[in-house]
Amino acid sequence: SVLVFFNSCQIREAGQPQIQKTSNTIHQWPKSIPESVGMSSSRLANLDSIFVQHIEQEKIPGMVALIARNGFVVYEKAFGSADPETNRPYQTDHIFRIASQTKAITATAVMMLWEKGLFNLDDPISNYIPEFKDVTILKEFNDSDSTYTSVPAKNEITIRHLLNHTSGLGYGIIDDDERFRKIYQKADVIDLATTNNVSIKQNVKRLTNLPLHHEPGERFTYSLGLDVLGYLVEIISGQSFSEFLEEHLFEPLGMSNTQFYLDEDQYQLLVPVQTKNQNGEWIIYDGHPEGYYDADYPKRGAKKFYSGGAGLTSTAQDYAKFLQMYLNGGVYNEHRILSPTTVDLIMSNQTNDLFGEENAFYGLAFGVVTDKGYSIGGRGSVGTFDWGGYFNTQYYADPNLNIIGILMKQTQRIPWENTGNIMRQVVGASVIEK
């Protein structure tokens, strides 16, 4: 293993909005009326009726919404019921399973290490995880028993491939290809979370034995690549992935309620995932029907699996701080996390046409809106970056307007609902000064 000490010193810079600490040590964002940052209070208020309507129509049980501009929160509200059994209301400080919103945080950690010259993006991952040296590609699959044949890949998986989802790795439970769902589940590969005593190292080692969807670099396939990179951070830094993120990202940014697993005093802030029963009533969702995971994983079990692709829990305010760091060119709370040149690289087109959309491309951490996407309307300026999570959370950040929008919900197995898209549309129309 390559163990390199990562200097814990952070470069402090002036000129950014100050984070205030309250008596309970939670870093609070500065707030302001919308008009002070060129937005309309009355136009933003349209969100209230939209969210209430969606709740009354039982499309969603509730949510927390946050809008910030120029480093100031201008809209932060909670709606609906966070728990169908107790009917307790949503609160703005509630903690959510952010699932794939973890990916951008993991990519940031990787790029922090890259900035120190510890590896190149086009290094084969086998330089650090030798078991990835001789990967294969799926050839034939037997549906009756999930056995398969494979052929050797011509190219190796690189760190860049893992960042931009072109490695050929896949997923289990959410993979578009049923063959890979069966292969991954048969091999006990964990997609999201587990209450069992399993490490990310063990999971990645299982993954090295499985075939790829396709030749590395050939296509965009959403994958466990960021879990592999979480393990890479452990190898390079000599810290657990959880410790690395806490020391070098969460603490500097004041992300006081972002973590993989909760302490006991945080349990009451974690909202349950909700779904609907056959009668159309909201109920607590315990987990995948096949028992693939326990939805209470953030506060139950071994608490040892640090999934770089989907494992974190967070709040709306915490994630907004992370996004504001990017809007600020890599600095926030007087801490330099990334160089602005690295931010530009992360936001550049890393997939060419492989992402499969004219409206957006994929960089090294986010989907990014193109000219075509802007012309559709309601998606933000060119360069707006975004993503979401498995439990129905969404975010976006517009670098041209310096706006952040976050919508935190916790639902599974319900029909598609479009509050995230509507929010972006209304927020954009609430700008009265560019």
Side-chain angles (χ1 to χ4, degrees), residues 47-65 77-102 171-176 178 181-182 184-185 190-196 222 261-262 266-301 303 305 307 309-316 387-395 406-423:
L47 290 173
D48 295 6
S49 58
I50 290 167
F51 293 151
V52 169
Q53 182 185 57
H54 276 70
I55 292 168
E56 290 177 344
Q57 294 174 349
E58 298 193 347
K59 295 179 179 179
I60 49 174
M63 83 284 279
V64 171
K77 296 185 180 183
F79 299 84
S81 172
D83 188 329
E85 295 182 354
T86 65
N87 206 31
R88 63 182 170 119
Y90 265 108
Q91 301 170 189
T92 56
D93 63 345
H94 271 153
I95 295 174
F96 296 79
R97 302 155 192 79
I98 62 171
S100 284
Q101 290 188 204
T102 304
Y171 258 114
I173 188 173
I174 64 168
D175 204 291
D176 290 335
E178 185 179 357
R181 290 200 295 271
K182 292 182 176 180
Y184 277 45
Q185 291 179 39
I190 298 164
D191 273 5
L192 171 69
T194 182
T195 54
N196 296 331
Y222 202 52
Y261 299 104
L262 305 180
Q266 295 174 301
Y267 285 1
Q268 76 280 5
L269 293 175
L270 179 71
V271 287
V273 182
Q274 297 188 53
T275 189
K276 285 189 173 184
N277 62 18
Q278 293 181 341
N279 297 323
E281 302 164 325
W282 291 110
I283 59 171
I284 291 178
Y285 177 76
D286 293 329
H288 193 261
E290 287 78 31
Y292 199 53
Y293 64 86
D294 182 334
D296 252 354
Y297 63 85
K299 59 182 182 181
R300 184 179 296 172
K303 299 184 178 181
F305 186 69
S307 167
L312 286 171
T313 57
S314 188
T315 64
W387 211 248
Y390 179 70
F391 296 108
N392 200 9
T393 58
Q394 292 108 18
Y395 70 84
I406 296 176
L407 201 54
M408 294 292 209
K409 298 162 283 186
Q410 293 284 265
T411 58
Q412 253 297 304
R413 296 183 174 265
I414 63 169
W416 181 82
E417 54 86 18
N418 63 345
T419 47
N421 292 337
I422 294 173
M423 179 184 71

Report task. Go through the steps for Lys409 and Gln394 under the test side-chain hydrogen bond (donor to acceptor under 3.5 Å, both in side chains), then give the verdict. Result -> CA-CA 8 Å; Lys409 298 162 283 186; Gln394 292 108 18; 2.9 Å; yes
Kindly say whether [Y] contributes a backbone atom to a donor-acceptor pair with the side chain of [X] at under 3.5 angstrom?
X: Lys276; Y: Glu58; result: yes
X: Tyr261; Y: Phe305; result: yes
X: Thr275; Y: Gln412; result: yes
X: Lys303; Y: Leu262; result: yes
X: Tyr293; Y: Leu192; result: no
X: Arg97; Y: Tyr297; result: no
X: His94; Y: Gln91; result: yes
X: Glu417; Y: Thr419; result: yes

At what distance, to the nearest 0.5 angstrom, does [atom1] of [X] lie from [atom2] of [Y]?
X: Asp296; Y: Asp286; atom1: CG; atom2: CG; answer: 8.0 Å
X: Phe391; Y: Thr313; atom1: CZ; atom2: OG1; answer: 11.5 Å
X: Asp83; Y: Gln410; atom1: CG; atom2: CD; answer: 12.0 Å
X: Asp294; Y: Thr194; atom1: CG; atom2: OG1; answer: 9.0 Å
X: Asn392; Y: Gln274; atom1: CG; atom2: CD; answer: 11.5 Å
X: Ile50; Y: Met423; atom1: CD1; atom2: CE; answer: 11.0 Å

Note, [X] side chain near [Y] side chain (heavy atom, < 4.5 Å):
X: Phe79; Y: Tyr90; value: no
X: His54; Y: Ile422; value: yes
X: Tyr390; Y: Ile173; value: yes
X: Thr411; Y: Pro61; value: yes

Query raised in the report: What pair of heavy atoms forms the shortest contact from Tyr171 to Asp175, and how long is it?
Result: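 Taking every non-hydrogen atom into account, N-OD2, 2.7 Å.
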Query raised in the report: So which heavy atom on Ser100 is nearest to which on Gly388, and how close?
Result: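 The pair with the smallest heavy-atom distance is CB-O, 3.4 Å.
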